[in-house]
Amino acid sequence: MSTDHKPVDHSPQRLQNVYVVAQRPAELHAFYESALGLKLKFRDKDRWFQYGVGNTSVALACTEEAAPATSGLVMVFEVSDFAGAQERITGAGGEVIGVRDMGAHGAVMSLRDPEGNVVQLFKRAAVAVTAAPSA
C-alpha cells in the first residue's frame, strides 16, 4: 500500500477579472467603449460594466460593488474552493476581510495583502446535479 499523497494545489486556476473602482462608472464606460473599443459582455445597471478581453475580463465597478476597495485596481483570481485559504493568507501576513455569497454567480473572498492592497478570490457556484428520472 502506497503512502504517497499528492499535494493539494491551491494556486489560482486563472486571472478571472481585474476591475477599476470608479466614482462614476457610467461615464468611464463611455470612455472605455469609445476610446479603447472594449466590447460590453455584462452590465448591472450603472453599478458594474464587464468587458471580455481575450480569455479574461476587465470591469468597472461602483464603490458599493467594489467594497472593501475604495480606489484603484483589484485583481480577482478564480479558485476551485476556499479550503485553507484564510490560514494561508493570514500565515503569510495578509488579512481576510470577508466572504460575499453572490448566489448563482458564486462567492468572493476579499483579502488585503501585507501592503494593504485588496485582492479577491472568486469561486464559481456549485452546479446542481439533478437525478435522472427512474423508469
Side-chain angles (χ1 to χ4, degrees):
M1 180 187 320
S2 174
T3 58
D4 293 340
H5 295 289
K6 184 178 177 184
V8 177
D9 183 2
H10 296 289
S11 62
Q13 298 167 334
R14 70 183 185 107
L15 178 63
Q16 194 265 346
N17 192 5
V18 174
Y19 64 85
V20 176
V21 181
Q23 299 301 311
R24 296 178 308 279
E27 292 175 28
L28 275 185
H29 165 62
F31 171 81
Y32 281 93
E33 190 174 53
S34 64
L36 300 181
L38 297 182
K39 304 292 184 217
L40 190 64
K41 181 171 148 181
F42 172 78
R43 178 178 184 166
D44 180 8
K45 302 178 183 140
D46 285 346
R47 301 174 54 81
W48 184 273
F49 296 85
Q50 188 162 317
Y51 312 94
V53 180
N55 64 356
T56 193
S57 296
V58 174
L60 304 171
C62 69
T63 54
E64 295 82 16
E65 283 293 316
T70 56
S71 65
L73 300 173
V74 177
M75 294 183 294
V76 182
F77 293 103
E78 186 171 331
V79 297
S80 58
D81 63 44
F82 295 151
Q86 183 161 349
E87 293 79 11
R88 290 190 306 277
I89 292 162
T90 57
E95 171 192 10
V96 173
I97 302 165
V99 175
R100 177 179 173 206
D101 184 347
M102 300 182 302
H105 290 294
V108 174
M109 176 183 284
S110 298
L111 62 109
R112 290 191 191 279
D113 69 17
E115 288 195 5
N117 299 300
V118 174
V119 177
Q120 292 180 319
L121 303 179
F122 169 76
K123 176 181 75 166
R124 291 188 183 278
V127 177
V129 177
T130 56
S134 56

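Since this is a predicted model, take the numbers as computed values, not measurements.
Shown here is R14, whose CZ atom has more than 12 heavy atoms of other residues, nucleotides or ligands within 6.0 Å.
Q23 CD to C62 SG: the interatomic distance, rounded to the nearest 0.5 Å, is 9.5 Å. Atom NE2 in H10 sits 7.5 Å away from atom CG in D81 (nearest 0.5 Å). Note: M75 CE to L121 CG = 10.5 Å, rounded to the nearest 0.5 Å. Atom-to-atom distance recorded for E27:CD and Y32:OH is 13.0 Å, nearest 0.5 angstrom. Going from atom CZ of F49 over to atom NE2 of H29 covers 5.5 Å, rounded to the nearest 0.5 Å.
For the pair W48 and L60, the minimum side-chain heavy-atom distance is 4.5 Å or more. At least one side-chain heavy atom of V21 sits under 4.5 Å from a side-chain heavy atom of V74. With contacts defined as side-chain heavy-atom distances shorter than 4.5 Å, the pair F77/L15 qualifies.
In terms of heavy-atom proximity, Q13 sits nearest to S80 at NE2-CB, 3.3 Å.
The cluster map of Ile, Leu, Val, Met, Phe, Trp and Tyr, joined by side-chain heavy atoms under 4.5 Å apart, puts V20 and V53 in the same cluster. Hydrophobic cluster membership differs between F42 and L28, with clusters built from Ile, Leu, Val, Met, Phe, Trp and Tyr side chains linked at under 4.5 angstrom. Y19 is not connected to L36 by any chain of hydrophobic side-chain contacts under 4.5 Å among Ile, Leu, Val, Met, Phe, Trp and Tyr, and they are in different clusters. Hydrophobic cluster membership is shared by V119 and I89, with clusters built from Ile, Leu, Val, Met, Phe, Trp and Tyr side chains linked at under 4.5 angstrom. Linking Ile, Leu, Val, Met, Phe, Trp and Tyr residues whenever their side-chain heavy atoms come within less than 4.5 Å leaves F122 and V18 in two separate clusters.
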Distance-only donor-acceptor pairs under 3.5 Å for side chains of residues 91-112, two or more places apart:
| unit_1 | atom_1 | unit_2 | atom_2 | d |
| --- | --- | --- | --- | --- |
| D101 | OD1 | G103 | N | 2.7 |
| S110 | OG | Q120 | NE2 | 3.0 |
| R112 | NH1 | G116 | O | 3.1 |

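Of the possible polar contacts, none joining the R47 side chain to the P25 backbone as a donor-acceptor pair under 3.5 Å is found.
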